[in-house]
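As the structure lists them, so they are numbered: ligands from 1, and atoms in each ligand from 1. For reference, positions follow the sequence shown, starting with 1. Side-chain atoms are counted along with the backbone in the values below, which use heavy atoms only and exclude waters and symmetry mates. All values reported here derive from a predicted model rather than from experimental measurement.
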Amino acid sequence: MPHTTPSGMPGLSPENQARVVTACVRQRTEDRWPTGPEGEQFARRFEEHFPALTLLFAEVYGTREDFLDQLGELVLLMARSWARRPADLKALDARREEDPAWFTSRQMLGGVCYADRYAGGLQGIREQIPYFRELGLTYLHLMPLFEAPEGNSDGGYAVSSYRRVDPRIGTMEELAELGRELREHGISLVLDFVFNHTSNEHEWARRAAAGEPAYEDYYWIFPDRTVPEQFERTTREIFPDDHPGSFTRVAATEDDPRWVWSTFYSFQWDLNYTNPAVFRAMAEEMLFLAAQGVEVLRMDAVAFIWKQLGTACESLPQAHVLLRAFNAVCRIAAPSVLFKSEAIVHPDEVARYIEPGQCQLSYNPLQMALTWEAMATREPTLLAQALAERHALPPGTAWVDYVRGHDDIGWTFSDEDAARLGIDGHDHRRFLNAFYTGRFPGSFADGVAFQENPRTGDCRVCGTTASLLGLAAEPGPAVDRILLAHSVAMSTGGVPLLYLGDEVGQLNDPDWDRDPAHGGDARWVHRPLRPAEGYARRHDLFSVEGRIFGGITRMVEVRRQCPEFDGNALEPFDARNPHVLGYQRPGTNTVVLCLANFSDWSQFVTGETLSGFLPEALDLHGGTELDLRHGILLESHGFRWVRAVPRR
Ligand code: GLC
Ligand code: GLC
């Protein structure tokens with residue numbers, strides 16, 4: 001069949017061009033679609049979503065001669081995948097279609113862990129299901145559990161096969177079975193889609209290293225340093241401890257002069273999405289994971305997937321186009337799958353990944369970082385500004401609110417925002433790094449510096465929540481700080497995400513750098529093994545663990561009972577006290593007013609400040625009635641969630 005391209009059809013709008021291409025691709029492939037009711041369902045989704053996919057695909061690959069062939073192959077891939085999609089997942093697809101905003105519910109609670117470190121593997125994770133239910137989880141993110149290089153594998157983020165589970169962790173069959181079992185208990189399985197790079201041991205990488213041209217095209221491989229040097233003039237160094245710049249040698253041997261793009265570790269090779277074969281190959285891996293019952297894919301390192309000379313090679317427009325195209329592939333072939341964006345970048349950029357047709361969920365790195373900022377300064381002004389100006393999201397999307405994750409804490413606030421509050425971003429980051437690495441006099445924090453770059457002054461911070469908030473040195477105030485930090489993540493709107501172990505106040509791993517497989521990567525300080533003893537004390541309200549666990553589970557319970565916590569809507573509230581953060585979660589006739597005191601002393605919010613509400617109010621934690629005319633006293637690092645009625 002002769003090639004026709006969608007561009008350059010004079011007089012045809014892009015939408016009509018997409019229709020033409022859709023019809024043409026349908027005609028070319030239809031005889032290989034599933035038949036019967038399966039086929040009808042596929043045809044319905046195809047007609048609904050394929051024109052949009054066509055436009056997206058054309059934006060990146062539209063000038064290629066083989067455009068239509070590439071698109072046709074993609075359709076066949078989706079058709080095969082739909083035909084094979086297990087019946088229980090198709091039933092889930094239908095349920096989600098009835099209730100597309102399910103993940104914005106106040107019932108949502110996320111947990112994240114490494115299957116091996118937390119439970120010894122997939123079997124162990126199954127055994128933890130009763131605990132997950134006790135905690136109230138509805139979302140479980142298991143960090144990368146695929147085949148990866150021996151030794152350092154960046155915690156599994158160097159994937160050697162998306163089809164095989166690391167045998168030490170389990171098997172693909174066990175994973176699918178676990179997905180089903182979790183779902184029966186109301187818990188959605190979340191896995192990473194590490195799609196910016198593969199490990200250098202992935203079959204594609206091995207074949208590229210061996211010089212097969214088709215696979216060299218899967219990566220950014222150059223014969224010498226010329227082009228890499230041009231790129232490196234404008235790219236950022238992400239793991240400078242490992243290698244300077246963005247490239248490493250393909251092979252350690254002197255006789256191989258080639259260089260390959262490796263944003264992160266030298267054994268993680270960036271995929272080349274200018275090659276449509278890469279898009280298709282990764283779409284196939286994605287649909288394979290979807291077929292195992294994964295409900296949310298955490299889209300790893302989204303900012304880096306497109307490169308262009310003369311730019312920072314981060315968050316380029318094509319990165320968004322590719323994500324939308326992957327999303328459209330799911331709408332057609334695995335409709336219940338959602339994406340969560342992992343963009344730990346400037347807040348303007350973070351926001352650009354969040355939309356129903358791109359990533360429905362996103363980490364909230366700004367709120368995370370600014371919660372830590374407020375803890376250090378005792379003044380939540382930057383956090384209040386972020387909640388007022390940067391919290392709103394489009395309908396059909398949600399934040400994932402976390403206190404900390406498995407990665408370092410980076411100070412990704414906007415310098416312009418800070419300047420409006422009279423804060424110098426550069427100096428403030430230096431202060432925060434000094435504070436959390438314990439170098440600042442009087443700091444309560446026990447953290448470790450990460451990827452400190454003497455050339456640029458860049459540095460990030462590692463540590464568990466409890467250690468960064470000083471639990472070892474001063475348990476009393478630290479417990480309050482820990483609960484305060486979690487109260488913010490639990491109440492601003494979105495899916496709260498707990499790093500499992502934090503809910504019993506787990507401390508840093510003192511032996512983190514003994515394991516050579518951890519390659520001196522300080523993030524391992526906050527990735528300890530499951531704290532069995534801490535968990536054993538979680539019901540003892542006289543223990544530190546019990547106080548933290550009790551406090552967190554109480555928040556989960558209150559949150560679940562209050563319809564005001566559904567969705568993402570938030571209105572600022574000026575508590576007229578520089579140490580107290582205020583915000584309201586609006587309900588139908590009521591609001592939940594959240595107040596959080598970041599200071600080391602008790603603070604008062606006056607009755608006059610609260611006079612916009614009727615006097616009768618309810619403290620949701622204690623279940624006690626309040627008279628707002630008397631104001632509200634907050635203990636040091638105390639917080640209150642109060643149901644109040646705004647005066648009309
Ligand atoms: C993401 C992961 C991080 C990993 C990096 C490279 O940022 O969260 O742990 O090092 O991607 O895959
Ligand atoms: C992301 C972030 C970076 C973080 C890295 C993994 O790429 O931009 O700050 O350190 O992932 O650690």
For [X], take its heavy atoms, then give the atoms of ligand 1 lying under 4.0 Å from any of them.
{"X": "Arg523", "answer": "3 (C), 4 (C), 9 (O), 10 (O)"}
{"X": "Gln268", "answer": "6 (C), 12 (O)"}
{"X": "Asp154", "answer": "4 (C), 5 (C), 6 (C), 10 (O), 12 (O)"}
{"X": "His197", "answer": "6 (C), 12 (O)"}

Below 4.0 angstrom, N of the basic side chain to O of the carboxylate: do Arg324 and Glu355 qualify? yes

With heavy atoms and a 4.0 Å threshold, my read on which part of Phe195 contacts ligand 1 is neither

So for Arg298 against ligand 1, with non-hydrogen atoms under 4.0 Å, the contacting part is side chain

Taking every heavy atom of His486 against every heavy atom of Val403, the minimum-distance pair comes out as CD2-CG2, 3.6 Å

On a heavy-atom basis, the closest approach of Val250 and Trp269 is O-CZ2, 3.6 Å

**OP:** Please state whether the rings of Trp411 and Tyr436 are parallel, tilted or perpendicular, taking 30° and 60° as the class boundaries.
**Re:** parallel

Query raised in the report: Which word best sums up how the rings of Phe247 and Phe231 line up, parallel for under 30°, tilted for 30 to 60°, or perpendicular for over 60°?
Result: tilted

Quiz prompt | Proximity flag Tyr265 to ligand 1, non-hydrogen atoms under 4.0 Å | solution = no

Inset, instruction - Give a yes/no verdict on a cation-pi contact between Arg429 and Phe413, requiring under 6.0 Å between NZ or CZ and the six-membered ring centre and an angle within 45° of the axis. - result: yes

